[in-house]
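This report refers to the structure that appears directly beneath it.
Note on naming: letters A, B, ... go to the chains in the order of the sequence lines (proteins, then strands), and numbering restarts at 1 for each one.
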There are 2 protein chains.
Amino acid sequence: MVFVWYCGGMEQNRPVISRRNRPAKPPLTREGIVAKGLEILAAEGLSGLSLRRVATALDTGPASLYVYLPNLGALHAEMLDAALSAVTAPAVGPWRERLKAVLWRYMMVLIERPGLAPLALGTLASGPNSLRIWEMLLGLLQEGGVDAKSAAWGVDLLILYVTAIAAEQSLRSGGDLGPVEAALAQLSPTVYPLIFAARALLLSGGEERGHWALNVIIDGLVGPPDPGRTA
Amino acid sequence: MVFVWYCGGMEQNRPVISRRNRPAKPPLTREGIVAKGLEILAAEGLSGLSLRRVATALDTGPASLYVYLPNLGALHAEMLDAALSAVTAPAVGPWRERLKAVLWRYMMVLIERPGLAPLALGTLASGPNSLRIWEMLLGLLQEGGVDAKSAAWGVDLLILYVTAIAAEQSLRSGGDLGPVEAALAQLSPTVYPLIFAARALLLSGGEERGHWALNVIIDGLVGPPDPGRTA
DNA sequence: ACCTGAACACCGTTCAAGT
DNA sequence: ACCTGAACACCGTTCAAGT
C-alpha cells in the first residue's frame, strides 16, 4: 500500500494528498510511461524525449522504467502504436476513397504530433494498432482487386511512404529548412538551370502537396482512378 | 610547419616518421574529417559514428572538429553528399530507363554503405552532388514530358521515396526484424485473417522487391511504360 | 518481489587557455 | 591565428543494494 507507506510516521490523520497539496505519486504502469512519453514528445519534440526525462516527469529514476520496458526503442514503438489508435477507416464510400482516407489520417496523426514522424521513421511498429491498420489496408487493396503480392508489398510501401512524407513535412514546417533555402537562394543559374527555374515550385505547396503525393503512390499501385491517363 | 614542430628538440636528423614508426599526423581538413566519418560509418554503422569517435580516429580532441564543421548535422550532410558522388546517369537509352537507373544507383549507394540510409533519412542534403542529382532528375522528368509542378514536387518525392526504401531495406537486412517476425509468428488467424494469409509474402522479396517499388512510384508519377493498364 | 541510487561508459558543444 | 584540454550538461543501460 503505497498510500499507507507514505503516511507512515505522520501525526495527523488528514489525507496525505491535501497535506502535501498534490496527488500521491501514482504507481508506475506501462501505459502511464507511454502516455507521459507522448506528453513530453508533444511539448518538446523528439530531441527533448529521453528515458531520463520521462523518469523525472514521473518522479522516479531512469532505472525504474526498465521494469516495464526493455529499452528506449520499445518505448518509441509503444508510443507510436498508442498514437495510431486514432487511425480509423470510413465505413462507407468507394474503396479507393476509403484507402486514401486511411492513409491521410495516418499521415495527419504523424504530422500533428511534433516529433512523432521522425520517431516513426526509426521504429518498427508491430503493436495492436499497427496490425489493425495493416489488416484494414490489406482488405481495402483486396477489395480493389490488387493481387496478393502487390497487396502485401504495397501495404508496407504505403505506410513507409506516408511516414516518410510526414517526416519530410515536419522538417519543412520546422525551421530546419534554412540550409536548403540558402542553397537555393545563391544557386548558379548557369550550372543548375533546371533547379533555378523550378526553385519557387520546389518549396511550394502545403496540404495540396500531401494530397498530390498520396495520389501519386496510389496511382502507381492500383492504377489511375477513372479511364487511363496519357503516358 | 607541423613537421618541424614535432621534430623540435630531437638530437638525431633521421625523419620523425621512421623514428616514430608511423606517419606524421596529417593536418586536419574538412575532406579528411568527412572521409574518416565514412570509414567509421562503414565499419561500425550509424550508432558507432560520433564526433568524438571521428576525433579520436584522427588523433585529436572533439573540439578540434568544430574548426571545420558547425555541428554533427553538417558532418552527416557532407558525408551523404560525398557518398552521392557515385550516382551518375547512363549516357544513352530511353529516358524512363535512365531515370530508373539513376534512382536505382541512388538506392544502391545508400544500401551498400551500412548506416548511410538511416543517416540520409535524417539529413537535408544540399551539397554539390545533391544539386547535381536534382538537376539530372529534373532534366529526365522534363524529357518525359512531365509538367513543371509535377517534376519539381516529383524529384523531391522520388529521392525521399528511394531513401526510405533503402532505410527499410537496411532494417530488413540488419537483425532488427526480430520483433516483426515474432509478431507475425504468433499472430491470431481469426483476429487478423488477411495478415495471417499474407504473412509469407510480407517478408518475401529481396532485390526484386526494390525494382517493383521503384516501378510503382515511377508509374504513379509518369504513368505506366507502354499503353495503359487496366484500372 | 519490486524498486532504485549510484555508477559506467558514453554523447554534442563550449570556451578559456594554450602554442 | 589556429588549435585543444577540460568542463558542462546531458545520454542509455546495468546492477548491487535497498525496502
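Here dC2(D) presents its C1' atom at 14 Å from CD1 of I33(B), a figure rounded to the nearest Å. We find that CG of L65(A) is positioned 14 Å from C1' of dC11(D), with the value rounded to whole Å. Rounded to whole Å, atom C1' of dT13(D) lies 18 Å from atom OH of Y68(A). Between the CG atom of L58(B) and the P atom of dT4(D) there is a distance of 11 Å, given to the nearest Å. Atom-to-atom, CG of N71(B) to P of dC11(C) comes out at 17 Å; the value is rounded to the nearest Å. Distance L46(B) CG to dC11(C) P: 13 Å, rounded to the nearest Å. In this structure, CG of L49(A) is placed 15 Å from P of dC10(D), rounded to the nearest angstrom. Atom CG of L51(B) is separated from atom P of dC3(D) by 17 Å (rounded to the nearest Å).
Within the 4.5 Å cutoff, side-chain heavy atoms of L137(A) are placed close to those of V102(A). You'll find the side chain of E208(A) reaches within 4.5 Å of the side chain of K149(B), heavy atoms only.
Put simply, the side chain of W134(A) never gets that close to the backbone of L194(B): no donor and acceptor are under 3.5 Å apart. The closest donor-acceptor contact from the side chain of R52(A) to the backbone of P62(A) lies at 3.5 Å or more, if one exists at all. Between the R209(A) side chain and the S204(A) main chain, a donor and an acceptor come within less than 3.5 Å of each other. In this structure a side-chain-to-backbone donor-acceptor pair under 3.5 Å is present from Y161(B) to A213(B).
Nucleotides of DNA chain C nearest to R52(A) and V67(A) differ in position, and the one nearer the 5' end is that of V67(A). Position along DNA chain D of the nearest nucleotide to S64(B) versus G48(A) favours S64(B) as the more 5'-ward residue.
Side-chain proximity of A63(B) to the nucleotides dG5(D), dT13(C), dT13(D) is greatest for dG5(D). When distances are taken from the side chain of S50(A) to each of dT4(C), dT13(C), dG12(D), the shortest belongs to dG12(D). Residue L72(A) places its side chain closer to dT13(D) than to any other of dC3(C), dG5(C), dT13(D).
The aromatic rings of H211(A) and W104(A) lie parallel to each other, with less than 30° between the two planes, well short of the 60° mark.
Rounded to whole Å, the P atom of dC10(D) lies 22 Å from the corresponding atom of dA9(C).
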Dot-bracket for DNA chain C: what is it, with Watson-Crick or G-U pairs under 3.5 Å, [ ] where a pair crosses earlier ones, and | for a pair to another strand?
-> ||.|||||...|||||.||

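Note on Y66(A): every side-chain N or O is 4.0 Å or more away from OP1 and OP2 of dT4(C).
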